[in-house]
Engineer: 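Sharing a structure here in structure tokens format.
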Amino acid sequence: MRFDQVRQGQRWLPLIALVLLPLAAPALSDVSQPPPEMLAQAEPTAPVKKPPPAETAPNNKGVVQLLNQVEALNGELSRLRGQIEVLTNDINNAQKRQRDMYVDLDTRLRRI
């Protein structure tokens, strides 16, 4: 698949995933632990240690800024794609008019 054929949101998906991965790390670490119901049924040999709270406050501001920037770039990209579509249509119409005028001129000259 060529790069220009990738849909609009797919270009930013890896960047967003990399940015959001540190925020999801504490939640993903909980997945490896059994649910609390299973812990209650198991023999309590040692207390379960909770991971220290992740420092997400400074990271959130950067993530929000990046997401805002991504949204702004997506908006600008959409606007530019619209302009390209309009200009392409204008060029196609001008070429058609030019071809029609050439055919008309050619037929007139052949009559003479």
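For the single chain, residues carry numbers from 1 onward in sequence order. All of these numbers come straight from a predicted model, not from anything done at the bench.
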Engineer: In this structure, are over 12 heavy atoms from other groups packed under 6.0 Å from Q98 atom CD?
Structural biologist: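 Not more than 12 within 6.0 Å, no.
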
Engineer: Does any part of the side chain of T88, heavy atoms only, come nearer than 4.5 Å to the side chain of E85, both counted from C-beta?
Structural biologist: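 E85 vs T88: side chains apart.
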
Engineer: With a sphere of 6.0 Å drawn around CZ of R79, does it hold more than 12 non-hydrogen atoms of other residues, nucleotides or ligands?
Structural biologist: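 Counting other residues, nucleotides and ligands, CZ of R79 exceeds 12 neighbours.
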
Engineer: Distance check, rounded to the nearest 0.5 Å: L80 atom CG versus E76 atom CD?
Structural biologist: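 L80 CG to E76 CD: 5.5 Å, rounded to 0.5 Å.
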
Engineer: Are side-chain heavy atoms of L73 and L77 found at a separation under 4.5 Å?
Structural biologist: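 No, side chains not in contact.
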
Engineer: Rounded to the nearest 0.5 Å, what separation is found between the CG atom of D90 and the CD atom of Q83?
Structural biologist: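 Going from CG on D90 over to CD on Q83, the span is 11.5 Å.
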
Engineer: Do D104 and T107 touch side chain to side chain, with heavy atoms closer than 4.5 Å?
Structural biologist: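 They are in contact (side-chain heavy atoms under 4.5 Å apart), so the answer is yes.
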
Engineer: About how many Å separate CG of D106 and CZ of R111, when rounded to the nearest 0.5 Å?
Structural biologist: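 R111 CZ to D106 CG: 11.0 Å, rounded to 0.5 Å.
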
